[in-house]
> 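This structure is in structure tokens; I'll ask about it shortly.
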Amino acid sequence: MRIIELTKETKDNLLNDLLKRSPNNYGQFESTVNEIIENVKTNGDAAVFEYTAKFDKFELNTDNIKVTRAEIEEAYSKMDADLVEVIKQSAENIRTFHMKQLRNSWFDAKEDGTILGMKITPIGKAGVYVPGGKAAYPSSVLMNVIPAKVAGVGEIIMTTPPGADGKVNPGTLVAADIAGVDTIYKVGGAQAIAAMAFGTQSIPKVDKITGPGNIFVALAKKAVYGYVSIDSIAGPSEILVLADETANPRYVAADLLSQAEHDELASAILITTSKELAEAVSKEVDSFTAVLSRKEIIQKSLDNYGYILVAENMQDAIDAVNEIASEHLEILTKNPFDIMTRIKNAGAIFLGEYASEPLGDYFAGPNHILPTNGTAKFFSPVNVDDFIKKTSIISYSREALEKVHKNIELFAESEGLTAHANSIKVRFE
């Protein structure tokens, strides 16, 4: 891996480089995506069947669009029994973590008859998109569905592309069943997003769409936002490791590569105060890459977006971490908990040498659907709040309103909204 001194210039160049991976920079595909969305919006099932035949090479129709219970049972029979148990354990950890995020409605009543509050209501229907083929990740099914279930969402549907044989990845089906998906549809790509956003003869319209996908899926989610809610427009995966001279270079290298193997656009960055660690990690990276199964993808990722930055001191390193705002941040320092208190921007933080990033991907419980491309500065991981609505509650007695009615009238009149003022005034004529 390339080793660079951390300066303002190298940091700015790095940030510009990383931002090139944003879905916002793939405008050349937007016209294609918009055409698909309009076709599905207008023609419903007919358009969905057309695109499935074109892109997935499967003849979809109203009789085979839904995954049957028999197909789910078949998926279980194809899965390793031990893996099914691991998925169940992971689901329970995720459920336990997200249960702690639940909120209750609240009301604050005063003696003068003023009642203010917040009513918490789960959304009615959620749609989860799950990629197919080589990008099928059962863990992401759990991470999307379980927070919605915990929130109390009334109905959860899932769309995922079929293979040319009409089958869906067995791991995806098993995870969906364990998580509690109500109905699974064999539809993928931008057409699936459009179907969930507007509804078709077979697929119901949902209130919110979550889940990862390729650039066409990401742009489709961006295009339908406003008709429905979405989780985020996710970019490629990324990891940043912040380490000092106490870190184990073998652990650091292994953790960097755990994200580089996702795809050629994935980002793996080490920021360290130790030149010796930087050189040792670079050597370990080369050794691991030579023997890992996805070495071609890893090498392209590292060539494009792999960096080792050597900082003059820990404060400079922390400042760079906060500027990059990485999806995954590992802190491998002498006192990681102290460093953590100085981190403002990260999707998820992993502390210490035994909390490597895959622990969060698969098992610990916190959500692994995280903000990317610097959006951790203002976005959060998928959580229970993504599947609830908050409604303000306001009630005043005549006595309470009488004390303040002239203030409200003055404020409304200052904005030129005399009907607003009159709505209050008529109650005290």
Side-chain angles (χ1 to χ4, degrees), residues 21-41 47-58 60 65 126-145 148 156-163 168-169 172 175-176 181 184-200 203-238 262-266 327 367-373 375 379 382 386:
R21 307 173 310 136
S22 169
N24 292 321
N25 291 327
Y26 290 84
Q28 69 268 33
F29 301 120
E30 286 186 347
S31 60
T32 301
V33 169
N34 289 336
E35 181 181 324
I36 292 171
I37 291 171
E38 284 304 313
N39 193 2
V40 173
K41 186 178 179 182
V48 169
F49 299 160
E50 172 194 339
Y51 289 124
T52 303
K54 179 179 179 180
F55 298 128
D56 300 307
K57 312 303 179 188
F58 178 65
L60 200 65
I65 191 172
V128 175
Y129 183 83
V130 179
K134 294 179 180 178
Y137 299 121
S139 57
S140 285
V141 177
L142 304 181
M143 295 291 182
N144 277 282
V145 176
I156 302 172
I157 71 167
M158 190 176 94
T159 60
T160 188
V168 173
N169 180 279
T172 296
V181 172
I184 305 168
Y185 297 91
K186 300 176 183 178
V187 183
Q191 61 271 25
I193 302 301
M196 290 191 283
F198 300 106
T200 72
I203 300 174
K205 181 187 186 312
V206 302
D207 302 306
K208 181 157 192 168
I209 299 172
T210 66
N214 62 19
I215 187 61
F216 295 97
V217 170
L219 290 174
K221 288 170 69 176
K222 180 182 178 182
V224 302
Y225 177 64
Y227 296 99
V228 293
S229 178
I230 63 172
D231 49 353
S232 64
I233 304 167
S237 189
E238 54 199 30
H262 270 295
D263 62 57
E264 291 87 346
L265 294 176
E327 178 188 18
N367 211 290
H368 78 199
I369 303 169
L370 305 167
T372 58
N373 276 108
T375 60
F379 279 145
V382 165
D386 283 305

> Minimum heavy-atom separation for Pro236 to Ala266, with atom names?
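Scanning both residues completely, I find the closest heavy atoms to be CB-N, 4.2 Å.
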
> What distance do Tyr51 atom OH and Asn39 atom CG have between them, rounded to the nearest 0.5 Å?
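It is 3.5 Å, given to the nearest 0.5 Å.
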
> Taking side chain as C-beta onward, heavy atoms only, is Pro161 less than 4.5 Å from Tyr129?
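Pro161 reaches Tyr129 side chain to side chain.
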
> Quick check: do Met158 and Val141 have side-chain heavy atoms less than 4.5 Å from each other?
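Met158 vs Val141: side chains touch.
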
> Out of curiosity, Ile230 CD1 to Lys222 NZ, how far, rounded to the nearest 0.5 Å?
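One gets 10.0 Å once the value is rounded to the nearest 0.5 Å.
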
> Which pair of heavy atoms, one from Lys54 and one from Lys57, lies closest together, and at what distance?
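Of all heavy-atom pairs spanning Lys54 and Lys57, the closest is O-NZ, 2.9 Å.
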
> How long is the straight-line distance from CD of Glu30 back to CD1 of Ile215, given to the nearest 0.5 Å?
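Answer for the CD1-CD pair, Ile215 versus Glu30, is 9.0 Å.
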
> Would the distance check show the side chain of Glu327 and the main-chain N or O of Glu238 forming a donor-acceptor pair, the cut-off being under 3.5 Å?
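Judged by distance alone, yes, a pair lies under 3.5 Å.
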
> Do the side chains of Val382 and Met143 get nearer than 4.5 Å, heavy atoms only?
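They are not in contact (no side-chain heavy atoms under 4.5 Å apart), so the answer is no.
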
> Rounded to the nearest 0.5 Å, what separation is found between the CD1 atom of Ile203 and the NZ atom of Lys186?
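Spacing of CD1 (Ile203) from NZ (Lys186) equals 12.5 Å.
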
> side-chain hydrogen bond (donor to acceptor under 3.5 Å, both in side chains) with Thr210: which residues, sequence neighbours excluded?
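Result, side-chain hydrogen bond (donor to acceptor under 3.5 Å, both in side chains) vs Thr210: Asn144.
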
> Indicate yes or no: at least one non-hydrogen side-chain atom of Lys41 is less than 4.5 angstrom from one of Tyr227.
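When only atoms from C-beta onward are counted, Tyr227 and Lys41 do touch, with a gap below 4.5 Å.
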
> Counting only N and O atoms by type, is there a donor-acceptor contact under 3.5 Å from the side chain of Asp56 to the main-chain atoms of Phe58?
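Side chain of Asp56 to backbone of Phe58: no pair is present.
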
> Side chains of Ile65 and Val187, heavy atoms from C-beta outward: is any pair under 4.5 Å?
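Result yes, sub-4.5 Å side-chain heavy-atom pair found.
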
> Among all residues two or more places apart in sequence or in another chain, which pass the side-chain hydrogen bond (donor to acceptor under 3.5 Å, both in side chains) test with Thr200?
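By the side-chain hydrogen bond (donor to acceptor under 3.5 Å, both in side chains) rule, Thr200 matches Asp45.
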
> Could you measure the distance from the CD1 atom of Ile157 to the NZ atom of Lys205? Nearest 0.5 Å is fine.
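Result: 11.0 Å between the selected atoms.
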
> Can you name the nearest heavy-atom pair linking His368 to Ser139, along with the distance?
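Looking at all heavy atoms of both residues, the shortest contact is CE1-OG, 3.2 Å.
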
> Is the closest side-chain heavy-atom distance between Asp386 and Asp231 below 4.5 Å?
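Answer no - side chains too far apart.
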
> If every non-hydrogen atom of Leu60 is compared with every non-hydrogen atom of Phe49, which pair is closest and at what distance?
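Closest heavy-atom pair between Leu60 and Phe49: O-CG, 3.4 Å.
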
> Any side-chain to backbone donor/acceptor pair from Lys221 onto Ser232? Under 3.5 Å, distance only.
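Checking the backbone N and O of Ser232 against the side chain of Lys221, a donor-acceptor pair under 3.5 Å is found.
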
> Would you indicate whether the side-chain heavy atoms of Val168 and Ile184 approach each other to under 4.5 Å?
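No; the side chains remain at least 4.5 Å from each other.
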
> Can you check side chain to side chain contact (heavy atoms under 4.5 Å, CB included) on Thr160 and Asn169, steps first, answer last?
CA-CA 9 Å; Thr160 188; Asn169 180 279; over 6 Å; no

> Please find the pair of heavy atoms, one from Ala148 and one from Ile156, that lie closest to each other, and give the distance.
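Looking at all heavy atoms of both residues, the shortest contact is CB-CD1, 3.7 Å.
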
> Minimum heavy-atom separation for Thr52 and Val48, please, with both atom names.
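Here Thr52 and Val48 meet closest at OG1-O, 2.8 Å.
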
> Hey, what do you get for CD1 (Ile193) to CD1 (Ile37), rounding to the nearest 0.5 Å?
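If we round to the nearest 0.5 Å, Ile193:CD1 and Ile37:CD1 are 8.5 Å apart.
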
